[in-house]
Protein chains: 4
Amino acid sequence: MTMEETGSRTREAAEAAVLDEKERDEAPSAKAAEAGSAPMTGASRRKLESRRKLMAAARKLFVERGYHETRPQDISKAAGVGHGTFYLHFEDKLDCFLAFTEEAADELHEFVEQHHAVAGSLEEGIHELLTAVFEYSDENPGVLGAALTDISVLSTGDTGRKMPVDRWAEVWAELLEKWKEEGEAASDLDARMAGYLIVGAIKQGGAYGYRRRLDRKRMIDGMTKLFVRALKK
Amino acid sequence: MTMEETGSRTREAAEAAVLDEKERDEAPSAKAAEAGSAPMTGASRRKLESRRKLMAAARKLFVERGYHETRPQDISKAAGVGHGTFYLHFEDKLDCFLAFTEEAADELHEFVEQHHAVAGSLEEGIHELLTAVFEYSDENPGVLGAALTDISVLSTGDTGRKMPVDRWAEVWAELLEKWKEEGEAASDLDARMAGYLIVGAIKQGGAYGYRRRLDRKRMIDGMTKLFVRALKK
Amino acid sequence: MTMEETGSRTREAAEAAVLDEKERDEAPSAKAAEAGSAPMTGASRRKLESRRKLMAAARKLFVERGYHETRPQDISKAAGVGHGTFYLHFEDKLDCFLAFTEEAADELHEFVEQHHAVAGSLEEGIHELLTAVFEYSDENPGVLGAALTDISVLSTGDTGRKMPVDRWAEVWAELLEKWKEEGEAASDLDARMAGYLIVGAIKQGGAYGYRRRLDRKRMIDGMTKLFVRALKK
Amino acid sequence: MTMEETGSRTREAAEAAVLDEKERDEAPSAKAAEAGSAPMTGASRRKLESRRKLMAAARKLFVERGYHETRPQDISKAAGVGHGTFYLHFEDKLDCFLAFTEEAADELHEFVEQHHAVAGSLEEGIHELLTAVFEYSDENPGVLGAALTDISVLSTGDTGRKMPVDRWAEVWAELLEKWKEEGEAASDLDARMAGYLIVGAIKQGGAYGYRRRLDRKRMIDGMTKLFVRALKK
DNA sequence: CATGAATGAGGATTCATTCAT
DNA sequence: CATGAATGAATCCTCATTCAT
């Protein structure tokens with residue numbers, strides 16, 4: 001399993017964009033269409049372009065080096081924009097990290113919804129969810145590990161932003177709630193608490209599995225079995 | 001529950017405990033104690049004293065402020081020793097943090113062994129273990145949270161030191177193995193993997209519980225139930 | 001003679017010269033000048049200005065106080081720039097010192113070529129060379145002494161940079177080689193070796209002469225006589 | 001030639017003493033005899049012993065690592081004595097270095113006097129002197145290079161101590177003076193100045209020769225020829 | 001005379017952020 | 001909107017020296 005790998009596959013696409021300097025000289029209309037909105041002026045076109053490049057670079061570096069080893073300068077440089085541009089798009093470094101984190105959460109969310117009909121039984125649901133998570137992790141090595149970084153290690157004060165852990169815990173909580181209503185899950189379950197337990201288990205287990213280079217299928221099956229037994233009525 | 005509190009209630013008590021236990025210190029000069037615990041000559045006594053004060057200060061600050069917000073000189077100052085003394089006892093800041101981390105792991109280990117006969121059935125065992133963990137966490141607020149800090153956030157390279165997560169995961173793994181042999185735990189269990197899952201779950205669940213100020217007893221019972229169902233034959 | 005004076009008489013003149021010559025700077029951005037010496041854009045102009053100020057300050061301090069008594073922040077302060085700017089222009093302190101050293105070597109080189117037609121007979125050549133060296137030393141008191149500092153005292157590892165001693169030894173070696181070919185110098189001469197001997201002699205003799213405040217003319221004449229006798233066919 | 005080598009031959013003897021911990025338990029009388037003076041009390045015996053070990057360690061480290069890379073602690077440790085003992089024997093680090101420097105100067109002096117009758121003609125004298133210097137350098141690799149370190153790089157103020165450069169320059173000056181009186185050397189020679197030139201030349205030439213691993217005999221012969229021509233009537 | 005733990009001024013360097021262009 | 005030179009507070013760590021034992 002690859003929850004914390006440092007390589008990259010889908011990364012390439014993003015990087016290619018970063019490296020493609022010519023792109024910003026393209027006809028604006030094409031890009032605007034991509035963004036799905038009204039045709040942009042040259043200025044906002046460029047701004048969006050910059051942000052995309054910065055996000056791609058930030059993800060790459062946060063994943064490869066971690067938060068503290070990545071300087072805003074590195075991100076700007078990797079993105080091919082000036083150092084100042086960074087602060088045109090992010091309040092500060094932490095803001096940028098959180099943006100990365102949220103992007104990853106969004107992606108996983110979308111990924112899960114696209115790849116798996118999360119409507120079936122508890123067994124099926126858990127298995128599909130875990131499969132989706134591990135598949136995403138394979139396609140985006142290291143991203144989950146980085147995105148799940150404990151924010152309290154980075155910032156003392158509360159940022160007021162919802163971290164991936166919380167979003168994912170909630171996803172699980174909602175599912176469990178649904179299963180409880182359907183009589184599939186144990187009725188005395190504290191769904192919220194369980195959501196956090198599951199996310200914690202996946203995070204730690206994923207990290208362990210990656211380090212030990214365990215077989216993905218076996219991991220998914222093992223975890224599914226455990227979770228199902230723990231949760232089922 | 002108090003797994004990640006930042007205050008310091010039983011601080012004094014904890015420090016006193018630290019003091020008492022430091023006789024088994026890792027400073028080479030302390031090896032004299034090994035040879036029959038002679039009253040110790042002046043020099044090595046002073047050194048031990050310094051180390052004890054540094055360790056206590058380090059623990060206090062790492063817990064209260066976290067790794068990155070704690071400077072070596074803060075620790076020295078809090079310990080009432082000179083800046084240089086810090087580096088007489090620790091290679092660098094990370095080394096000091098790891099020492100803290102190991103101390104915490106040792107303490108919890110001992111605490112668990114002293115307070116709970118971990119010999120009973122799976123249900124009893126899990127309940128006792130969780131109770132011990134949460135009790136330790138009450139008496140040493142924030143210590144577990146700090147000690148479980150993901151090392152990869154602090155240091156890029158491998159330190160070669162066994163982190164608390166791994167130690168605790170192993171403790172659980174051994175127990176599970178025993179229960180498997182005794183026919184109490186599911187025989188198809190990957191004990192090692194499960195150990196990590198449990199530690200991850202406890203860590204994340206503990207943090208959540210603390211934030212939400214959940215009732216300790218309910219947490220222990222809820223987690224026990226979940227774990228037992230997941231693991232039992 | 002003034003080879004190792006610590007004052008600074010013609011400081012201003014020297015700095016002005018530095019300013020004028022800096023167009024051939026090694027900062028990559030300055031390469032614009034190479035392409036026709038355009039008036040230079042704002043950013044690179046500022047950067048060049050900073051570097052010039054830093055180089056001037058570094059020279060002044062290295063000469064007055066020596067390498068170990070000069071802190072990067074002293075240089076920055078004297079240059080009227082921030083601490084960080086120093087590291088925008090130099091890898092580290094040693095890099096800055098070597099830059100100073102190379103600048104001095106360049107200056108002397110140019111000085112010698114401008115002030116003295118090094119084409120004549122062995123006697124004339126040596127006399128002119130020595131005169132040029134001592135004149136440069138008068139105009140740039142202490143610079144030669146500082147620039148000839150033995151690098152091995154400052155850095156353990158090899159820096160891979162050619163030190164002034166070597167450059168100057170080579171200049172002498174080439175001249176000697178020429179004189180050998182012209183039949184003016186002894187044919188059994190090891191020109192390279194002799195180059196080093198001469199530079200060593202000048203360095204030590206210069207330092208001695210300065211300390212004893214010897215008459216410059218007498219020194220030049222005395223050294224010329226010795227060198228000529230040693231080298232002439 | 002080996003003027004600046006870092007290996008060691010005669011070094012071994014000294015080190016052996018350093019390592020021989022038992023030595024200080026020997027009968028005092030024997031050692032006293034060696035020192036050539038009245039039988040020492042136990043205390044002064046030990047003190048002398050400590051100093052010898054410190055000097056040996058200092059020489060070794062100053063030669064191998066240079067002044068700035070050698071800490072008093074390193075010397076004490078290598079000498080097998082406590083850190084404080086260092087300051088029982090030397091005012092400070094510089095004092096220790098100067099002691100090393102003087103020891104080396106004494107040694108070379110003695111070596112030259114023992115190995116070469118410096119009484120003959122100018123040619124013979126110069127050749128013998130150079131031979132002695134290079135032989136000493138072979139037997140004490142790196143020592144001359146280290147001992148000739150420019151003190152002004154180490155200390156700003158004047159130490160009031162006569163450095164090896166000066167001592168050696170004087171030796172040469174005296175010889176030249178003698179040869180002038182005997183009509184062997186050019187009568188218009190500034191002997192003092194020439195002494196410094198020669199020492200400078202030897203130092204620089206030696207360093208060059210070592211780096212290039214030149215043949216010793218050729219170096220001696222080449223230098224002799226040059227010096228003789230420069231100095232002879 | 002010997003020790004080695006303790007010291008803290010001092011140093012080199014970094015990096016998140018700003019702002020003039 | 002973009003740039004990248006400039007910044008300087010902040011950080012980790014060293015090391016010559018002292019002094020209680």
Side-chain angles (χ1 to χ4, degrees), chain A residues 24 41-50 68 70-77 81-94 96, chain B residues 27 29 41-51 68 70-74 76-77 81-94, chain C residues 27 29 41-51 68 70-74 76-77 81-94 96, chain D residues 41-50 68 70-77 81-94 96:
Chain A
R24 59 179 152 205
T41 71
S44 70
R45 236 309 299 298
R46 277 175 77 192
K47 179 155 190 182
L48 228 63
E49 198 66 0
S50 286
H68 286 288
T70 301
R71 291 140 51 201
Q73 300 195 33
D74 299 329
I75 297 176
S76 306
K77 198 175 185 181
V81 303
H83 302 74
T85 307
F86 182 92
Y87 288 90
L88 246 43
H89 294 275
F90 307 107
E91 290 236 334
D92 53 24
K93 189 183 165 185
L94 183 58
C96 175
Chain B
S29 45
T41 73
S44 69
R45 235 202 92 76
R46 266 178 87 197
K47 187 158 190 181
L48 232 58
E49 192 71 358
S50 286
R51 190 185 168 88
H68 286 289
T70 302
R71 290 145 35 196
Q73 62 175 292
D74 296 331
S76 306
K77 198 176 185 182
V81 304
H83 302 55
T85 306
F86 180 91
Y87 291 93
L88 229 55
H89 293 276
F90 307 108
E91 291 242 328
D92 52 22
K93 189 183 164 182
L94 182 58
Chain C
S29 45
T41 73
S44 69
R45 234 200 93 75
R46 266 178 86 197
K47 186 158 192 181
L48 233 57
E49 192 71 359
S50 286
R51 190 187 168 88
H68 286 289
T70 301
R71 290 145 32 193
Q73 63 175 291
D74 296 331
S76 305
K77 197 175 187 182
V81 303
H83 302 56
T85 307
F86 181 91
Y87 290 92
L88 229 54
H89 293 276
F90 307 108
E91 291 241 329
D92 52 22
K93 190 182 163 183
L94 182 59
C96 176
Chain D
T41 72
S44 70
R45 237 306 304 296
R46 276 175 76 190
K47 178 155 192 183
L48 229 63
E49 198 65 1
S50 286
H68 286 288
T70 302
R71 290 141 51 203
Q73 302 194 31
D74 299 328
I75 298 175
S76 306
K77 197 174 184 183
V81 303
H83 303 67
T85 307
F86 181 92
Y87 289 90
L88 245 41
H89 293 277
F90 306 107
E91 290 237 332
D92 52 24
K93 188 183 166 184
L94 183 58
C96 175

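Below, chains carry the letters A, B, ... as their sequence lines are ordered, and counting in each starts from 1.
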Residue whose closest nucleotide on DNA chain E lies nearer the 5' end, Phe86(B) versus Asp92(C):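 Residue closer to the 5' terminus by nearest nucleotide: Phe86(B).
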Starting from the 5' end of DNA chain E, give me the residue, Lys93(C) or Leu88(B), whose nearest nucleotide shows up first.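 In this pair, the answer is Leu88(B).
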Would you mind pulling out the nucleotide paired to [N], Watson-Crick or G-U wobble, both distances under 3.5 Å?
| N | result |
| --- | --- |
| dT14(E) | dA9(F) |
| dC1(E) | none |
| dA6(E) | dT17(F) |

Could you state the atom-to-atom distance from [atom1] of [X] to [atom2] of [N] in whole Å?
| X | N | atom1 | atom2 | answer |
| --- | --- | --- | --- | --- |
| His68(B) | dC15(E) | NE2 | P | 12 Å |
| His83(B) | dA10(F) | NE2 | C1' | 13 Å |
| Arg45(C) | dA6(F) | CZ | P | 12 Å |
| Phe90(B) | dT14(F) | CZ | C1' | 18 Å |
| Arg71(B) | dA9(F) | CZ | C1' | 11 Å |

Is the phosphate of [N], meaning OP1 or OP2, less than 4.0 Å from a side-chain N or O of [X]?
| X | N | result |
| --- | --- | --- |
| His89(C) | dA6(F) | yes |
| Arg46(B) | dA5(E) | no |
| Ser76(C) | dG8(F) | no |
| Thr85(A) | dT3(F) | yes |
| Tyr87(C) | dT14(E) | no |

Give the minimum heavy-atom separation between Phe86(D) and Ile75(D), together with the two atoms involved.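 Minimum heavy-atom contact is CE1-CD1, 3.9 Å.
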Taking every non-hydrogen atom, the tightest pair across His89(C) and Ser50(C):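 Residues His89(C) and Ser50(C), closest heavy atoms: NE2-CB, 3.5 Å.
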Indicate yes or no: at least one non-hydrogen side-chain atom of Arg71(B) is less than 4.5 angstrom from one of Lys93(B).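 Answer no - side chains too far apart.
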Does a side-chain N-to-carboxylate-O contact under 4.0 Å join Asp74(D) and Lys77(D)?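 Between Lys77(D) and Asp74(D) there is no salt bridge, as every charged N stays at least 4.0 Å from the carboxylate O atoms.
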Looking at every strand, decide which applies to Gln73(B) at a 4.0 Å heavy-atom threshold: base, sugar-phosphate, or nothing.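 It contacts nothing in the nucleic acid.
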So which one's nearest nucleotide on DNA chain F is more toward 5', Gly84(B) or Gly84(A)?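 So the residue in question is Gly84(A).
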